[in-house]
4 protein chains.
Amino acid sequence: MADDQARRHHGNRHGRSERARRAVLNAADDLLVEHGFAGLTMEKIAVRAGVAKQTIYRWWPSKVDVLLDALGDDLAEELTPPDHGDLRRDLREHLAAVAEFLTTAHAGAVLRALLGQAQHDPELAARLRAGHLLDQRARDRLPFERAVARGELAAGTDLDDAVERLIGPVHYRVLVTGDPVPRSFTDALVDRVTVQDG
Amino acid sequence: MADDQARRHHGNRHGRSERARRAVLNAADDLLVEHGFAGLTMEKIAVRAGVAKQTIYRWWPSKVDVLLDALGDDLAEELTPPDHGDLRRDLREHLAAVAEFLTTAHAGAVLRALLGQAQHDPELAARLRAGHLLDQRARDRLPFERAVARGELAAGTDLDDAVERLIGPVHYRVLVTGDPVPRSFTDALVDRVTVQDG
Amino acid sequence: MADDQARRHHGNRHGRSERARRAVLNAADDLLVEHGFAGLTMEKIAVRAGVAKQTIYRWWPSKVDVLLDALGDDLAEELTPPDHGDLRRDLREHLAAVAEFLTTAHAGAVLRALLGQAQHDPELAARLRAGHLLDQRARDRLPFERAVARGELAAGTDLDDAVERLIGPVHYRVLVTGDPVPRSFTDALVDRVTVQDG
Amino acid sequence: MADDQARRHHGNRHGRSERARRAVLNAADDLLVEHGFAGLTMEKIAVRAGVAKQTIYRWWPSKVDVLLDALGDDLAEELTPPDHGDLRRDLREHLAAVAEFLTTAHAGAVLRALLGQAQHDPELAARLRAGHLLDQRARDRLPFERAVARGELAAGTDLDDAVERLIGPVHYRVLVTGDPVPRSFTDALVDRVTVQDG
DNA sequence: GCATAACCGAGACGGTACGTCAGGTCTTCTG
DNA sequence: CAGAAGACCTGACGTACCGTCTCGGTTATGC
């Protein structure tokens, strides 16, 4: 088995150690949740992961790269909207999933940390958008696009605008006010947007 | 004049040096814009301000405290909505001012940096909210409250909800997507909210 | 009474406060014994003496000046050799007194600290010699000079040489080896010197 | 050659950099002579040696430890008495070497500084004695012991006493009066001691 | 089936910034 | 006008991480 093979191998001439990679990403994840972004140092990741510092630097240029890697495909996996053939229902479920993701410790903590760091790191901001946020935006549009295809929504509707009105207040609560984002809040948002556009 | 007296004194038993205070806040402001949040170190602030490190630590426990102080009353001064007796006009001007503030280098950079840092510093998040964001939320509500008082808006309207739908997408663009926030965008947001509620 | 007046006056137009002077010298003495030379800081002297730092700097340029002042006339008072009209007896008593002074906590600690500091502070070394050590050397010679005057000792004897052979080993023990300096040791020294020269 | 290998390596798992060690000891030596003991700071040693401060602290807990190391085996190398089979000649040469060592800038400055510091640092005093002074005392005794073995000196002679009468006045001059210690002075001392005991 | 090349752990290295402490100077008010 | 109080600038302290480097050891090819 691949996992078993990976666990044993230590040094070889073709390719890196999957064991070390996993250990680093897990350690980074854990340390972020435990000690926050400032308490996340390459030094501590190395110790926690039982890995040499050089091994981390060999594969990731900085700690934000580790986090970008740790974020991985979580967004795609957890934030792809469902398709029930009903715009309002799709949006309700999707927006609730977005809120859940952002406010839940493990999954959202990494993204929030990266978004926070991106505020004073334009290069990270660019990579974060290119690597994750644009894709997510495309996924957020899907329910609307399908509604247009079904004729449920007028063809000329500004879908990005609709997405922003939907997703904006959720991010505002999470990133700025810190208020909880209950289902009632997301449902009401969906109602506003669909009523107005319907 | 008090300011004149303050500027001359250097160190004495009756209070701190206003000159040093100003120099630190300005230096912090400048360094943040020039080198970003990471390039903003106590060491460099001290050098740039021509001030001893100890003097900074005497009055501010950390660099985020310096920034909180530097943010000062900028929000209140620049983001108090106008009162023309017309909800839509008040909101249009106010929302444009908010967008301008957040995206403009000097003024908004400090707030964006603090919001970024607050993502991985709950204690800062709490202070930022208590010290500035709650007050700003109250100011954001003002146009709506006046509209209710004028009878322009129904008495039962959920004002906080309206504010969030207005302000949320603007913050989303600034903090997440990084897209510009043109006047057309903010005006359209105001139209959505007022039409719907009117 | 002078002391009474001194105790009360705090700030005045007629000269310095004797109370402050005493407090500083005593504090310096105590701190030296308690915490050693490194633990003797102007800051701590000021706190212990209940005196402003500036008051210390007004009257003593540095902490070694405070110690030089604290040393005061102790040497002259305690290390003036007796005159019994008998060289050996005078020397025995005197040398024992020297050993006692150097090894006893309060009195000798200040001198040892200053001698130690003088090893890497030539300016202090010069002042220490000019202010105290030359006078002490003159006092150390007294028994020999009186013996010459009495005819007990030949006129051509090199008195400084004799003093050094007497006093040198005592200082060597105190400053270098740290061995105790018992009466038997000093008496034997006196015997060597007087027998040889007698 | 081991030294050659050591010189090239920079930092690795098998021990420290000999290059850094040498640089630190030399820098400490130079700075002590140039600026005195007070002017000898870890900070300046690091800069002068072109070495990170942490590297110094990794191997030496304090600046006196650096000096103790810098003193190294200088004493043993330079202050081992010769053996001509003639007590007086051995002592004359040895005592002159001691005087030379103590008064010469480079070699003696370190020892004088440490002796000075030891006056107000009992822990250093103990280490200095255990590490260097006891061994030196043993070397100082050698000429006498050989003289006893040869029958040149009576078996019951108190050798330590003789050493102290010889070495004491030299240290006294160096550490207390600061007078020069010419060959005539040391020769006369040897004569006194050997005549008396012969 | 043995050399060898890529990766691994360990950790010392030159650095930057941290937050603290003391030094010595200054200004103000009080007695 | 001396003394208290204490803020100021300076510079060293000892520590934590940074990112780079060298080293010896492990293993999976590939000659």
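Keep in mind that what you see is a predicted model, and the values were worked out from it rather than measured. Quick note on labels: first sequence line is chain A, next is B, and so on, each numbered from 1.
Distance CZ (Arg22(D)) to P (dC13(E)): 15 Å, rounded to an integer number of Å.
By the 6.0 Å and 45° rule, Arg16(D) stacks over the aromatic ring of Trp59(D).
With respect to Lys63(B) and Glu43(B), no salt bridge is recorded, no charged nitrogen being found less than 4.0 Å from a carboxylate O.
A distance of 14.0 Å separates OG1 in Thr55(A) from CZ in Arg21(A), rounded to the nearest 0.5 Å. Of the inter-residue distances, the one linking Leu128(B) atom CG with Leu115(B) atom CG reads 5.5 Å to the nearest 0.5 angstrom.
Within the 4.0 Å cut-off from OP1 or OP2 of dG9(E), at least one side-chain nitrogen or oxygen of Arg19(A) is found. At dA2(F), none of the side-chain N or O atoms of Thr55(C) fall inside 4.0 Å of OP1 or OP2 (strictly under the cut-off).
Each of Arg21(D) and Gly50(A) has a nearest nucleotide on DNA chain E; the 5'-most of these lies closest to Gly50(A). Judged by closest nucleotide on DNA chain F, Lys53(C) is the one of Lys53(A) and Lys53(C) placed further toward the 5' end. Sequence order on DNA chain E of the closest nucleotides to Ala52(D) and Val51(A) puts Val51(A) first from the 5' end.
Within 6.0 Å of the CZ atom in Arg22(C), the count of heavy atoms belonging to other residues, nucleotides or ligands does not exceed 12.
In this structure, Ala28(B) and Leu40(B) approach most closely via the heavy-atom pair O-CD1, 3.5 Å.
Within a heavy-atom distance below 4.0 Å of DNA chain F, the residues of residues 56-68 of chain B found are Arg58(B), Trp59(B). Taking every heavy atom of residues 34-48 of chain D and every atom of DNA chain F, pairs under 4.0 Å involve Thr41(D), Met42(D), Glu43(D), Lys44(D), by number.
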*In sequence, state the C-alpha distance, the side-chain angles, and the governing distance for Lys44(C) and Glu34(C), and then conclude on salt bridge (charged side-chain N to carboxylate O under 4.0 Å, His left out).*
CA-CA 12 Å; Lys44(C) 281 182 186 149; Glu34(C) 287 173 29; over 6 Å; no
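Gln54(A) contributes no side-chain N or O that forms a donor-acceptor pair with the base of dC8(E) under 3.5 Å.
Using a 4.5 Å heavy-atom cutoff, the side chains of Leu68(B) and His132(B) are in contact.
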